[in-house]
Amino acid sequence: MADEPLILGIETSCDETGVGIVRGHTLLADALASSVAEHARFGGVVPEVASRAHLEAIVPTMDRALAEAGVTIADIDAFAVTSGPGLAGALLVGVAAAKGYALATEKPVYGVNHLAAHVAVDTLEHGPLPEPAIALLVSGGHSSLLLVDDLARGVTPLGATIDDAAGEAFDKVARLLGLPFPGGPYIDREAAAGDAGAIGFPRGLTAAKDLAAHRYDFSFSGLKTAVARWVEARQRAGEPVPVADVAASFQEAVCDVLTAKALAACQAHGVDTLVIGGGVAANSRLRALAEHRAAKLGIRVRVPRPKLCTDNGAMVAALGAHLAAAGVAPSRLDLPADSALPLTTVSV
Ligand code: KG4
Ligand code: ZN
């Protein structure tokens with residue numbers, strides 16, 4: 001085990017500055033600085049604010065990770081950094097830092113895909129990923145269903161959201177319920193005290209007519225509008241809004257569709273492992289419903305612990321370690337920060 005390379009991963013695609021250090025599947029450090037509080041009053045991440053925060057946080061976060069792992073920069077065998085997708089200015093900070101450290105230490109650097117890293121992070125918790133697997137990635141920026149044949153070399157996109165991302169829907173619904181940003185954890189908490197069957201909100205792209213063209217795609221904007229209309233009608237009637245019931249019913253609609261489509265993909269592809277990643281994978285109902293439905297089908301669900309589901313540096317290091325172990329060549333030192341990096345590109 002000690003002969004596996006020591007990999008340091010840097011994540012700056014959105015509002016979290018993350019630096020993680022791993023050896024093989026062992027997590028040694030996971031340092032994080034978040035600018036989320038600075039975005040809260042805008043109700044969403046402000047790119048320029050995020051970039052500046054990354055710039056201020058990157059070196060201290062790097063130093064904290066090295067101290068946590070009890071190693072020095074000279075001990076690192078290879079660097080990994082999120083090359084995309086994400087906010088262009090935010091990505092640039094991490095990519096420039098990784099290049100600087102790689103150049104100074106004469107060590108290789110892997111520019112990696114943020115979404116593939118959300119899948120790879122699960123290996124830190126549950127060991128090697130059986131392939132093929134189906135991955136459901138649900139975050140503030142993405143909602144995708146993937147067939148993972150070979151995480152080191154390529155994944156096959158099966159479907160994605162056609163409008164809002166799942167996390168975005170949680171954040172928007174939280175906002176109209178008067179809950180803080182980012183709304184996912186607050187909806188999760190409110191929902192625990194509510195009745196998930198109180199209001200029958202729509203399940204996007206599940207009607208027979210939609211399934212032909214959108215079997216594995218998602219749509220959450222109609223659901224968000226339905227929640228807004230329902231809340232407005234209450235307010236217009238001068239009645240109190242039952243926040244817990246609305247939160248629970250909304251959450252149920254999202255989790256119902258996500259788990260149904262992910263498990264349908266497993267069955268259609270004869271796959272018995274479902275990995276769930278991204279910030280929304282921290283949702284307690286999504287985890288419970290996926291486990292419950294998968295158990296009946298003989299499918300194993302792997303979801304990393306909540307701290308590894310949201311953006312962090314460990315996930316980038318985990319993917320870097322996976323690439324190194326699979327013998328994938330590192331990136332060139334002029335590797336790009338690509339805000340629109342396609343899902344099919346695992347490393348640049
Ligand atoms: O993966 P992530 O940290 O960043 C992106 O790449 O977007 O995901 C953040 C998203 C936010 O929309 C947040 O509201 C959502 O994940 N989230 C949750 C929960 N925790 C975080 N959504 C539902 N339930 C949660 N417990
Ligand atoms: Zn993410």
Side-chain angles (χ1 to χ4, degrees), residues 9-18 20 30 32-37 39-40 42-45 47 50 54 82-87 90-91 94 112-122 135-144 146 160-161 164-177 179-192 194 196 220 223-224 247-248 250-259 275-290 303-316 318-319 339 341 343:
I10 299 176
E11 155 61 33
T12 64
S13 71
C14 191
D15 58 344
E16 318 282 352
T17 313
D30 185 14
L32 203 66
S34 178
S35 63
V36 69
H39 307 290
F42 301 104
V45 175
H54 285 307
T82 300
S83 187
L87 303 170
L91 288 166
V112 307
N113 189 304
H114 179 83
L115 294 163
H118 269 305
V119 179
V121 73
D122 185 65
L136 171 67
L137 293 183
V138 275
S139 73
H142 299 272
S143 306
S144 300
L146 323 171
T161 180
D164 292 347
E168 198 179 348
F170 270 94
D171 296 340
K172 287 177 176 169
V173 165
R175 191 174 193 182
L176 64 93
L177 290 176
L179 299 171
F181 173 84
Y186 294 93
I187 297 249
D188 199 344
R189 217 168 299 156
E190 285 289 335
F220 298 109
L223 168 61
K224 174 195 65 193
F250 158 75
Q251 178 175 273
E252 194 65 19
V254 175
C255 297
D256 181 15
V257 176
L258 291 177
T259 55
V275 192
I276 310 182
V280 181
N283 185 266
S284 62
R285 180 60 183 152
L286 180 62
R287 299 167 82 103
L289 189 60
V303 196
R305 59 184 173 273
K307 190 175 181 236
L308 293 180
C309 288
T310 47
D311 290 352
N312 61 78
M315 65 192 228
V316 179
L319 181 53
S339 61
L341 189 68
L343 245 172

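Both ligands and their constituent atoms are indexed starting at 1 by order of listing.
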Looking at [X], which atoms of ligand 1 are within less than 4.0 Å of one of its heavy atoms?
X    : value
A282 : 20 (N), 26 (N)
S139 : 1 (O), 5 (C), 6 (O), 7 (O), 8 (O)
G167 : 12 (O)
H118 : 1 (O)
G141 : 7 (O)

Straight-line distance of [X] [atom1] to [Y] [atom2], nearest 0.5 Å:
X    : Y    : atom1 : atom2 : answer
T17  : N312 : OG1   : CG    : 12.0 Å
L179 : D171 : CG    : CG    : 11.0 Å
L258 : L137 : CG    : CG    : 11.0 Å
L91  : L341 : CG    : CG    : 9.0 Å
E190 : Q251 : CD    : CD    : 11.0 Å
H118 : S144 : NE2   : OG    : 10.5 Å

Checklist entry - Can E252 and L289 be said to form a side-chain contact (heavy atoms from CB on, under 4.5 Å), step by step? => result CA-CA 9 Å; E252 194 65 19; L289 189 60; 4.3 Å; yes
Nearest protein heavy atom with distance in Å, relative to [atom]:
atom                    : answer
atom 4 (O) of ligand 1  : D311 OD2, 3.1 Å
atom 17 (N) of ligand 1 : G279 O, 3.5 Å
atom 18 (C) of ligand 1 : G184 CA, 3.5 Å
atom 10 (C) of ligand 1 : G140 N, 3.4 Å
atom 12 (O) of ligand 1 : D171 OD2, 2.8 Å
atom 24 (N) of ligand 1 : N283 ND2, 3.0 Å
atom 26 (N) of ligand 1 : D188 OD2, 2.9 Å

Checklist entry - Do L286 and V138 have side chains that get closer than 4.5 Å, going by heavy atoms? => result yes
Item to check | Any donor-acceptor N or O pair under 3.5 Å, side chains T12, H54 | outcome: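 No - no donor-acceptor pair under 3.5 Å links their side chains.
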Under a 4.0 Å heavy-atom limit, does [X] contact ligand 1 with its side chain, its backbone, both, or neither?
X    : value
H114 : side chain
T310 : both
H142 : neither

Next on the checklist: Apply side-chain contact (heavy atoms from CB on, under 4.5 Å) to residues C14 and H39 and explain how you reach the verdict.
Outcome noted: CA-CA 11 Å; C14 191; H39 307 290; over 6 Å; no
Next on the checklist: For ligand 1, which is the ligand I care about here, please tell me if P182 has any N or O atom under 3.5 Å from one of the ligand's N or O atoms.
Outcome noted: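 Not met; the criterion fails.
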Item to check | Min N/O separation G278 to ligand 1 under 3.5 Å | outcome: no
Item to check | Partner of S143 by side-chain contact (heavy atoms from CB on, under 4.5 Å), out of D164, V257, T161 | outcome: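 Result: among D164, V257, T161, T161 is the only option passing the side-chain contact (heavy atoms from CB on, under 4.5 Å) with S143.
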Item to check | Vertex the Zn ion (ligand 2), rays to OD1 in D311 and NE2 in H114 - rounded to 10° | outcome: 90°
Checklist entry - Any chance CZ of R287 has more than 12 other-residue heavy atoms, nucleotides or ligands included, within less than 6.0 Å? => result yes
Next on the checklist: So that I can check it, does any N, O or S atom in C14 come closer than 2.8 Å to the Zn ion (ligand 2)?
Outcome noted: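 Under 2.8 Å: C14 has no N, O or S contact with the Zn ion (ligand 2).
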Checklist entry - Is H118 close enough to the Zn ion (ligand 2) to have an N, O or S atom under 2.8 Å? => result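 Here the distance criterion (N, O or S atom, under 2.8 Å) is met by H118, so yes.
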Checklist entry - What do you reckon, does C14 put a non-hydrogen atom under 4.0 Å from ligand 1? => result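 Checking ligand 1 against C14, which is what was asked, there is no heavy-atom contact under 4.0 Å.
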Next on the checklist: Does F170 form a ring-ring contact (aromatic ring centres under 6.0 Å, His included) with Y186? I'd like the steps, not just the answer.
Outcome noted: CA-CA 9 Å; F170 270 94; Y186 294 93; over 10 Å; no
